[in-house]
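Within every chain, numbering begins at 1; the chains are lettered A, B, ... in the order of the sequence lines, protein sequences first and strands thereafter.
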There are 2 protein chains.
Amino acid sequence: MSSIKDVAFKAGVGIATVSRVINQSGYVKQETKERIEKVIKELGFKPNEIARSMTQQKNHIVAFILPNTKHLFFGELLYEVESALYEKNYKLMVCNSSERIEKELSYIEMLKTNRVDSMILLTNNDIAHLLDKKYRIISFDRIFEGIPYVASDNYEGGRLAALHLIERGAKKFMFIGDDQQGSDNIVNTEVSKRRLAFIETLKQKGFHHVIEIEYPLGNYIDIPDEVQQQVLLHKDVDGIFCISDAVAARVIKTLELAGKHVPKDVKVMGYDGGRSFLNLGKTITSIDQQPHLTAKAIVDIIEHYYKNTRIEPFQITPVKLVIGETT
Amino acid sequence: MSSIKDVAFKAGVGIATVSRVINQSGYVKQETKERIEKVIKELGFKPNEIARSMTQQKNHIVAFILPNTKHLFFGELLYEVESALYEKNYKLMVCNSSERIEKELSYIEMLKTNRVDSMILLTNNDIAHLLDKKYRIISFDRIFEGIPYVASDNYEGGRLAALHLIERGAKKFMFIGDDQQGSDNIVNTEVSKRRLAFIETLKQKGFHHVIEIEYPLGNYIDIPDEVQQQVLLHKDVDGIFCISDAVAARVIKTLELAGKHVPKDVKVMGYDGGRSFLNLGKTITSIDQQPHLTAKAIVDIIEHYYKNTRIEPFQITPVKLVIGETT
DNA sequence: TTGTAAGCGTTATCAC
DNA sequence: GTGATAACGCTTACAA
């Protein structure tokens, strides 16, 4: 690959002038500029980004640490984040943590070694004390002291779910989620507000008894058998709000296998947007997190980091009720 | 961040010696080594990877260009590729092309500008002539002249599908796929062998008439209404093989809405592995591409590139029949 | 308006 | 065993 030197030599100018042309910085005589551009084209010269990163101590690469890219919501979020970054000319590195803290840490090292210069963090591990504030870090959904975060409006999501189930005529409610969502957990997560809002809203409307099923945080895909048993145990429940569409799908299947009709006997809602394209049977009523909006908020913060402008401590993006066939 | 210079100064040695210690190259007296390691720890020094890339003209970053990360199969493949690369200490950049050729080209530029030093390409666009053989490029599923590629055993997949449907008692067959899969297309894809094998195998078993429905390549998620109408039109068909689980899911839903029972009236198979965790209703019988195996094959080729060892022109990885509730 | 040269943080060569 | 020093390809003072 030809370098700036080759261009300078062939055009009979100094390398600084070539640099000025490719960066459109400083003054260059029109004539010189054209000559240089011609040579650049002839040689097919492209500036070496590694060398640029070297002088600027920045590479405009963002790392996204997330549990995995298999979960439908994560795949969508990743897609939106990458698309939004692309517009602004940042590049995205994916880092599957599989929820393992040691993998997360090894990825976080990339900030110290200048492999990436900013990082989006989506984790349930309590790694706050390991996050150096001097780096450009953004958290999604989890609240870490001193780290800006982005989340969709989980409280509103829980509220909408409660109101919708009430409107559909449900009288006896259940909430199903994984236990990291509890408000008294080590990791403070925005997600816990789904349950909170759901229960508070029901209370306000006169429904004081809500069955809460929480289970150990899993792989986002499978839910334990006990949960399914619990669902069948409470035969009078007719309105169920699940922490995700994946959980809702399982719950619906469990109910139907047991001879219950959804939504006639039981109304079931999920969370994330119901965009499950492999949705055999019914489409799920859900709360859409609108990942394109959270992605935009994340990229906004990243830009503020790079521009050294003021960063809001957090950004909450709107959610939307999506009515499917399960309520 | 402290540099190698700071370490050298504080340890009272030259920078070359420090370099030898961090790279475990060349001879360093045990005593010196220990002193340097102590200083490294004290300073929290980490070598700057940008500078390293500078001298080595390599950054061990791999780009993965793919249509999107929303499709379940892509999300899985991405996960497996990233995991396999992680083991070997490579980093992965994701590049959603949304099937747009200009985005693909802009990502391919990253090879020229040294932002990444190898690339996995998953595309339906005919960009063979734009791919410079001097770069480390690997294609998934598509055959481009002179570019090594990896694919799962699509022929075997089609064959297994035919045999399974026959075994389940189907007599009248249909294939549903998108038209880029046709063998006479501009882009030569391994995927076309699914159809080929399906039809050839049926013929061998005495079934000579297969209805083939092909439609313009879509976004991998929606299938056109016409396809669904076609499905209902051929009332005597009782064995359908679809190009993906996503398509199969739609077909099944269409059939069931029309009052047909799957699998009693019609047996339907998909492709990709049936791991649709949002699978309400029935689980789909499918051909598992075993993305962990293709991922491994891809990473193998990448390693050969870096080591400058001989690269096989292609790698075909095994598939597996997964029996669900739709056949 | 342009060119020279220092510097970014490493690695690698070559004396000592 | 070890330490200067040149390179890697660029940006950016500073001088001309």
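Atom-to-atom, NZ of B/Lys5 to C1' of D/dA4 comes out at 12 Å; the value is rounded to the nearest Å. Atom pair A/Asn59:CG and C/dG9:C1' shows a separation of 14 Å (rounding to whole Å applied). The CD1-P distance, from A/Ile4 to D/dC8, rounds to 14 Å in whole Å. Here the P atom of nucleotide C/dA12 and the CD1 atom of B/Ile22 are 11 Å apart, to the nearest Å. Here C/dT4 presents its P atom at 13 Å from CZ of A/Phe9, a figure rounded to the nearest Å. Rounded to whole Å, atom P of C/dT1 lies 13 Å from atom CD of A/Glu34. Going from atom CE of B/Met1 over to atom P of C/dC8 covers 16 Å, rounded to whole Å. Note: CZ (B/Arg35) to P (D/dG1) measures 13 Å, nearest angstrom.
Applying the 6.0 Å contact sphere to NZ of B/Lys103 captures more than 12 heavy atoms from other residues, nucleotides or ligands. When the shell of 6.0 Å around CD of B/Glu31 is examined, it contains 12 or fewer heavy atoms from other residues, nucleotides or ligands. Atom NZ of B/Lys296 sits in a sparse spot, with 12 or fewer heavy atoms from other residues, nucleotides or ligands closer than 6.0 Å.
When the nucleotides D/dT2, D/dG9, D/dC10 are ranked by their closest atom to the side chain of A/Arg52, D/dC10 comes out on top. Set against D/dA13, D/dC8, C/dT10, the side chain of B/Asn48 has C/dT10 as its closest nucleotide.
Residue A/Asn23 is classed as a sugar-phosphate contact, given heavy-atom separations below 4.0 Å to backbone atoms only. Residue-level contact check: B/Ile50 touches neither bases nor backbone, having no heavy atom under 4.0 Å from any strand. Using a 4.0 Å heavy-atom distance criterion, A/Thr32 is classed as a sugar-phosphate-only contact. Among the atoms of the strands shown, none is found under 4.0 Å from any heavy atom of B/Ser25. At the heavy-atom level, A/Ser3 lies under 4.0 Å from the strands shown only through sugar-phosphate atoms. Using a 4.0 Å heavy-atom criterion, one finds that B/Lys33 contacts no nucleic acid atom at all.
When each of B/Met54 and B/Arg20 is assigned the nucleotide of DNA chain C with its nearest heavy atom, B/Met54 is the one assigned upstream, toward the 5' end. Mapping A/Gln56 and B/Ile15 onto DNA chain D by nearest heavy atom places B/Ile15 at the nucleotide closer to the 5' end. Nearest-nucleotide assignment on DNA chain D puts the 5′-proximal partner with B/Gly26, out of A/Thr55 and B/Gly26.
Proximity of a side-chain donor or acceptor of B/Asn114 to a complementary backbone N or O of B/Gln57 within less than 3.5 Å is not detected.
In this structure, A/Arg136 satisfies the cation-pi test against A/Tyr306, with its NZ or CZ atom closer than 6.0 Å to the six-membered ring centre and inside 45 degrees of the ring normal.
Considering only side-chain N and O atoms, A/Thr17 lies under 4.0 angstrom from the phosphate OP1 or OP2 of C/dG3.
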